There are 2 protein chains.
Amino acid sequence: MEPKAPKITDVARLAGVSTATVSRALSKPESVAESTRNTVLAAAEKTGYRVNLSARNLRRQRTGAIVILVPNIGNPFFSEILAGIETVLSESDINMLVVDTRQAHMKPQLVLEYLHATRADGIIALDGSLPDAILAVASSGIGAPPIIFACEWTPGGEFSSVRANNAHGGELAIAHLAGLGHRIIGMITGPDDNVLTHARSKGAIDALTEKGLAMAPEHVFAGDFSLDAGARAAQSWLELDQRPSAVFSQSDQMAFGFISELARQGISVPGDVSVVGFDDIAIAQCFIPALTTIRQPRKKLGLTAARVLIEHIGASSNPPIETTILDVELIERDSTGAFAG
Amino acid sequence: MEPKAPKITDVARLAGVSTATVSRALSKPESVAESTRNTVLAAAEKTGYRVNLSARNLRRQRTGAIVILVPNIGNPFFSEILAGIETVLSESDINMLVVDTRQAHMKPQLVLEYLHATRADGIIALDGSLPDAILAVASSGIGAPPIIFACEWTPGGEFSSVRANNAHGGELAIAHLAGLGHRIIGMITGPDDNVLTHARSKGAIDALTEKGLAMAPEHVFAGDFSLDAGARAAQSWLELDQRPSAVFSQSDQMAFGFISELARQGISVPGDVSVVGFDDIAIAQCFIPALTTIRQPRKKLGLTAARVLIEHIGASSNPPIETTILDVELIERDSTGAFAG
DNA sequence: AACCTTTATGTAATCGATTGCAGTGCAGCA
DNA sequence: TGCTGCACTGCAATCGATTACATAAAGGTT
């Protein structure tokens with residue numbers, strides 16, 4: 001009447017062998033005689049047996065899961081990275097435990113829970129700005145599960161990371177605009193304390209310097225990667241006496257907000273101002289005008305991070321810190337045009 | 001030398017009590033004398049003890065996780081729903097295990113793994129088109145964990161679900177367009193076998209009928225909710241002799257693809273054709289033109305689904321099938337205008 | 001034939017926390 | 001004083017699978 005979940009002893013009884021043999025037949029098939037194996041598999045099939053993961057994990061001293069720390073799950077930018085991670089994990093029978101760190105910045109205790117080995121065998125952090133207290137614990141000692149940063153990273157460089165060549169992206173953006181004849185170029189940045197902001201800004205400034213150009217402080221609009229920040233930058237741009245004829249936006253979202261707000265005020269892109277984005281999210285090619293942008297290999301970021309982490313988990317000793325940098329590329333579309341005097 | 005993770009016996013020894021008392025002090029504090037409790041908590045703090053979840057789950061016969069079946073993690077539409085789910089779960093110390101079902105449609109076996117009670121205490125499916133074989137198992141019997149559909153649902157109605165009032169959304173879209181004077185109205189649909197497609201189409205057709213209008217078969221463009229599908233619909237629209245002066249796109253993404261492709265061909269929105277979308281994703285208000293659309297409460301969908309599921313998990317008996325329908329609303333922006341003759 | 005390998009399987013300890021049951025001590029009450 | 005009841009706490013079984021070690025059988029060697 002009560003259809004309880006069959007356990008390994010049920011299979012063993014039906015197959016007429018010991019539980020040890022059943023366990024082996026299922027996880028190390030080659031260590032068991034073929035005839036026995038067939039009997040066991042048939043019995044397992046017949047009973048509908050599934051291994052109890054809590055029991056297995058307890059015995060094996062692992063959790064079978066890795067946690068992904070995402071700054072904001074609602075942000076579509078991260079979803080493609082998650083997809084990449086998932087692709088790799090689904091082949092390794094490791095589960096993906098997604099945690100949003102937004103409220104966590106309020107409550108470091110809560111995130112700390114997730115960093116302990118009892119929760120996960122490893123961690124992928126998409127959030128470079130985790131509180132120091134958390135990082136200290138994460139990096140402390142042998143018991144802690146391996147952690148790897150994807151996309152963002154920590155300034156100190158104490159952790160392995162997989163990231164895009166952000167500085168080069170900044171260079172490409174500027175080189176493109178300068179190549180079109182623009183001399184006064186503005187920039188919409190990410191948050192002040194963000195490593196991506198720094199890297200992209202540095203690349204941009206370096207490229208300008210190399211061409212003998214500079215960027216006036218009032219042409220740098222402080223943003224935070226969001227649509228709103230782009231719209232705010234547009235307001236600032238409108239109020240300038242000397243307006244840049246081109247703007248490098250450090251995220252596509254901000255570029256959309258920027259262009260959209262300008263359009264509302266009758267300013268056209270690329271007619272009145274050229275705009276380069278960063279990320280190449282899906283909608284970029286359907287925006288009007290289609291957005292010229294720096295493509296980040298987001299899926300590959302996820303794939304690579306997951307692969308590296310799995311390797312680290314497998315390694316017996318403390319693996320070395322490993323930094324992987326992926327190439328970016330400029331995708332030229334319709335939001336940039338030649339400087340028109 | 002080897003800093004092994006402290007276990008409950010370590011805490012017990014340090015506090016001078018039994019493991020039973022430690023366990024109780026931590027999980028049912030009121031069942032233990034105050035002085036003892038303090039001693040135990042101090043000892044736990046001192047050793048840095050964290051409960052081993054595999055052991056607890058094994059003993060308690062649960063997994064502490066629920067799985068979310070997402071058709072495509074990379075699709076930003078789902079991310080807000082995930083955010084809603086996460087918000088609720090983070091308060092319940094239940095983990096969120098995200099699984100992409102794309103490759104799963106190839107391999108039902110793989111998804112089946114996740115539906116078993118050994119993996120999760122419950123399931124939220126954002127994918128209404130799971131293979132029947134899977135659903136059969138999921139609904140079969142007492143051992144199976146509760147499952148609830150969010151956003152999409154199954155035609156048979158054998159499962160609880162939380163969804164938006166899609167039919168009403170279709171009605172609102174058509175009413176809006178008809179109110180602007182449009183008489184020949186087209187529609188870009190989702191996949192043929194999708195419940196959302198059916199509901200939205202039905203609402204649209206009903207609203208037309210009520211106004212004495214009809215929709216010609218050649219004005220129905222078969223899509224799949226993607227950007228590309230919208231672009232394809234634009235091609236079809238261009239080839240028509242009699243072109244609809246307004247189009248209801250069953251997703252914002254398709255609306256973007258549609259408008260973008262039309263723009264490329266010199267057709268303007270809303271000048272030459274009005275467009276209403278569905279979803280109100282973030283970018284809709286920044287698109288040019290800003291998109292008139294039907295807003296779905298995506299975050300609330302996630303919140304509600306998670307709450308209902310948690311309730312079901314808590315319930316001892318088989319809970320009744322429960323359908324929650326959330327309101328949608330029309331957000332009027334710039335992609336629709338009065339019929340101009 | 002005696003002995004050593006190799007292969008296949010079983011026995012039983014183990015992972016770490018939870019919890020039913022039993023015991024202890026103390027207060028209240030007749 | 002003796003008894004009952006209550007509040008705490010401890011003992012030990014238990015969750016289900018894995019695996020080190022022991023055992024047994026079969027094959028090979030001299």
Side-chain angles (χ1 to χ4, degrees), chain A residues 2-41 43-44 47-65 93 113 116-121 143, chain B residues 2-41 43-44 47-65 93 113 116-121 143:
Chain A
E2 265 267 334
K4 291 230 197 74
K7 34 193 197 179
I8 201 169
T9 53
D10 298 323
V11 179
R13 191 174 326 113
L14 184 59
V17 299
S18 74
T19 62
T21 301
V22 175
S23 176
R24 282 189 281 251
L26 294 173
S27 50
K28 291 200 298 174
E30 75 285 1
S31 73
V32 129
E34 185 172 347
S35 61
T36 319
R37 190 192 321 149
N38 291 336
T39 318
V40 171
L41 292 181
T47 54
Y49 170 74
R50 336 234 31 133
V51 43
N52 179 313
L53 291 178
S54 296
R56 165 181 287 177
N57 290 337
L58 171 59
R59 180 61 231 234
R60 289 206 178 148
Q61 299 285 69
R62 30 162 266 161
T63 69
D93 107 293
E113 283 304 320
H116 271 270
T118 170
R119 260 282 172 31
D121 301 329
Chain B
E2 265 266 332
K4 291 230 197 76
K7 34 194 199 179
I8 201 169
T9 52
D10 299 323
V11 179
R13 190 174 327 113
L14 184 59
V17 297
S18 73
T19 62
T21 301
V22 175
S23 175
R24 283 189 280 251
L26 294 173
S27 50
K28 291 201 296 177
E30 75 284 1
S31 73
V32 128
E34 186 173 345
S35 61
T36 320
R37 191 192 319 148
N38 292 336
T39 318
V40 171
L41 292 182
T47 55
Y49 170 75
R50 335 237 30 136
V51 44
N52 180 313
L53 292 177
S54 297
R56 164 181 287 177
N57 290 337
L58 171 59
R59 181 60 229 236
R60 290 205 177 149
Q61 298 284 70
R62 30 162 266 162
T63 69
D93 108 293
E113 284 304 320
H116 271 270
T118 171
R119 261 284 173 30
D121 300 330

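Just so you know, these numbers use all the heavy atoms, side chains as well, and skip hydrogens, waters and symmetry mates. Bear in mind that the values here come from a model prediction, so they are computed numbers and not experimental data.
Atom P of nucleotide C/dA12 and atom CZ of A/R59 are separated by 16 Å, given to the nearest angstrom. Atom CZ of A/R62 and atom P of D/dG16 are 19 Å apart (whole Å). Nucleotide C/dC15 holds its P atom 14 Å from the CG atom of B/L58, rounded to whole Å. Remark: P of C/dG16 and CD of B/Q61 are 19 Å apart, rounded to the nearest angstrom. Rounded to whole Å, atom P of C/dT18 lies 11 Å from atom CZ of B/R24. We find that CD of A/E30 is positioned 12 Å from P of C/dT7, with the value rounded to whole Å. Between B/R13 atom CZ and C/dA17 atom C1' the separation is 15 Å, expressed in whole Å. Between B/R56 atom CZ and D/dC15 atom C1' there is a gap of 14 Å when expressed in whole angstrom units.
With hydrogens and angles ignored, the 3.5 Å screen pairs no side-chain donor or acceptor of B/S23 with any backbone N or O of B/T19. Judged by distance alone, the side chain of B/D10 and the main-chain N or O of B/P6 form no donor-acceptor pair under 3.5 Å.
Heavy atoms of A/A33 sit under 4.0 angstrom from primed sugar atoms or phosphate atoms, though from no base atom. Contact annotation for B/T36: backbone-only contact, meaning every heavy-atom pair under 4.0 Å involves sugar-phosphate atoms and none involves a base.
For the pair B/T21 and B/A55, both in contact range of DNA chain C, the more 5′-proximal nearest nucleotide belongs to B/A55. In terms of position along DNA chain D, the nucleotide closest to B/V17 lies nearer the 5' end than the nucleotide closest to the other residue of the pair A/K28 and B/V17.
Counted by atom type alone, A/T63 and A/D121 present one or more donor-acceptor pairs between their side chains at under 3.5 Å.
In the set C/dA17, D/dT18, D/dG10, D/dG10 carries the atom at the smallest distance from any side-chain atom of B/A20. Considering only side-chain atoms of A/N52, the nucleotide from C/dG16, D/dA17, D/dT9 that sits closest is D/dA17. Taking the side chain of A/S23 as heavy atoms from C-beta on, and the options D/dT18, D/dA12, D/dC15, the nearest nucleotide is D/dT18.
Around atom CD of B/E34, no more than 12 heavy atoms belonging to other residues, nucleotides or ligands sit under 6.0 Å away.
Just one residue in the list A/I8, A/L41, A/V32, A/V11 forms a side-chain contact (heavy atoms from CB on, under 4.5 Å) with A/L26, and that residue is A/L41.
Look at B/Y49 and you'll find a side-chain N or O under 4.0 angstrom from OP1 or OP2 of C/dA17.
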